[in-house]
Every structure is written in structure tokens, then in C-alpha cells.
*Asks:* 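Shown below is the structure under consideration.
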Amino acid sequence: MKKTMTSLTIALALVCGVATAQQAMTEQDVRADLAQQGYNDVHDVDFHDGVWTARAKSGDGTKVKLRIDPTTGRAFPDSQISRLSESDVRAQLSTDGYTRVHDVDFGNGVWTAKAENQNGKDVKLQIDPDTGRIIGSN
């Protein structure tokens, strides 16, 4: 009985964790996370093209435009440098099952690309410049 309860507890924790991990952030969450990351004077917070966007001042007072991952809250400032090349991004998208990848470009702190998803639908993607993970799509 004890082993069954332990297994059930673990299963419930995993299910709850998955539900929480997939929950989108609210504007209030975004503002709180940006403050925690050192940004202030946050304004023009909006959800656009599958990601949160905002304008703010960085810790050193520099005005920045941000794109924010809607699940993790990670901010991508427009002046960020990518660790990935265009070829890296294309390879990752191919691995993720996207086809007809085109218009791959780096700007405003993230990679963007247009492609066809696994269902044959044309999508516009926003991609983490460090990991190649898709942070937004429409």
C-alpha cells in the first residue's frame, strides 16, 4: 500500500508540474519577472506574435525593447547577441519537424522564421537565440 501511495504521489506531482509549466504568464507576472531581472520603468507591455513585448530600462539605465518568453518569463533585449547561427536555427527547426523554412532573421534579440508546421500550416516563429527553442508562434 505504501509503495502504491508513493507512486500515486509522484504521478500527481508530475501531472501538476506539467500543468503549471504550460500555463501562460499574465501581464502582472511579466512585470514582476522583469523587475526581478533588473528592468525598471516597464511600459507598453503587450502580447504580440506569441510572445510578450515591453519597453523598459535596464539596470544601467539603457532603454531597451524586450521580447519575453510567455512560459518562462525570460527577457530577450533587442541588443542581445545570438549564440546560434542561421544554419543552427534552420537545423533545429528541421529537427523539430518544420519544413519549408524561410525568412530566417535575427533582430530585436530573437531569431524569427517562417515555416510550415507538422500539420502543413504556415507559421511565423520566434526562437531563443541561445537554445533554438521556439518561444512564440502564430
*Asks:* What distance separates T95 OG1 from R90 CZ, expressed to the nearest 0.5 Å?
*Replies:* 13.5 Å
*Asks:* Can you pull the ring-ring contact (aromatic ring centres under 6.0 Å, His included) pairs that have at least one residue in residues 50-79, sequence neighbours excluded?
*Replies:* F47-W52
*Asks:* Sequence neighbours left out, what passes side chain to side chain contact (heavy atoms under 4.5 Å, CB included) with D41? Give chain and number order.
*Replies:* H43, K57
*Asks:* Name every donor-acceptor pair, under 3.5 Å, that has one atom in a side chain of residues 105-118 and the other anywhere in the protein, sequence neighbours excluded.
*Replies:*
{"residue": "W111", "atom": "NE1", "partner": "S82", "partner atom": "OG", "Å": "2.8"}
{"residue": "T112", "atom": "OG1", "partner": "D105", "partner atom": "O", "Å": "3.4"}
{"residue": "E116", "atom": "OE1", "partner": "R100", "partner atom": "NH1", "Å": "2.5"}
{"residue": "N117", "atom": "OD1", "partner": "N119", "partner atom": "N", "Å": "2.9"}
{"residue": "N117", "atom": "OD1", "partner": "G120", "partner atom": "N", "Å": "3.2"}
{"residue": "N117", "atom": "OD1", "partner": "K121", "partner atom": "N", "Å": "3.0"}
{"residue": "Q118", "atom": "NE2", "partner": "D96", "partner atom": "O", "Å": "2.6"}

*Asks:* What distance do D33 atom CG and Q28 atom CD have between them, rounded to the nearest 0.5 Å?
*Replies:* 11.0 Å
*Asks:* Can you tell me how far apart CD (Q80) and CG (L66) are? Round to the nearest 0.5 Å.
*Replies:* 10.0 Å
*Asks:* How long is the span from the CG atom in D88 to the CG atom in D130, to the nearest 0.5 Å?
*Replies:* 11.5 Å
*Asks:* Any sub-3.5 Å donor-acceptor pair from T53's side-chain atoms to D46's backbone N or O?
*Replies:* yes
*Asks:* Can you give me the closest heavy-atom contact between G73 and I68, atom names plus distance?
*Replies:* O-CG2, 3.5 Å
*Asks:* Should the heavy atoms of other residues, nucleotides or ligands under 6.0 Å from CZ of R74 be counted, would the total exceed 12?
*Replies:* yes
*Asks:* With clusters defined by side-chain heavy atoms of hydrophobic residues (ILVMFWY) lying less than 4.5 Å apart, directly or transitively, does M25 cluster with V42?
*Replies:* yes
*Asks:* So which heavy atom on L84 is nearest to which on G132, and how close?
*Replies:* CD1-N, 3.3 Å
*Asks:* Begin with the C-alpha distance, continue with both residues' side-chain angles, and end with the deciding distance and a verdict on side chain to side chain contact (heavy atoms under 4.5 Å, CB included) for T71 and I135.
*Replies:* CA-CA 8 Å; T71 55; I135 59 171; over 6 Å; no
*Asks:* For residues 117-138, which residue pairs qualify under ring-ring contact (aromatic ring centres under 6.0 Å, His included), counting only residues two or more places apart or in two chains?
*Replies:* none
*Asks:* Taking V30 as the starting point, is it possible to reach V51 by hopping between hydrophobic residues whose side chains are less than 4.5 Å apart?
*Replies:* no
*Asks:* Just grab all the salt bridge (Lys or Arg N to Asp or Glu O under 4.0 Å) pairs involving residues 62-72, residues at least two apart or on different chains.
*Replies:* D69-R133
*Asks:* For the NZ atom of K124 and the OG atom of S137, what is their distance to the nearest 0.5 Å?
*Replies:* 11.5 Å
*Asks:* Checking side chain to side chain contact (heavy atoms under 4.5 Å, CB included) for the pair I134/L93: CA distance, chi angles, key distance, verdict?
*Replies:* CA-CA 9 Å; I134 296 169; L93 292 175; 4.0 Å; yes
*Asks:* Which heavy atom of N138 sits nearest a heavy atom of D49, and at what distance?
*Replies:* ND2-OD1, 2.8 Å
*Asks:* Name all residues meeting the side chain to side chain contact (heavy atoms under 4.5 Å, CB included) criterion together with S94; count only those two or more places apart in sequence or in a different chain, and write none if there are none.
*Replies:* none
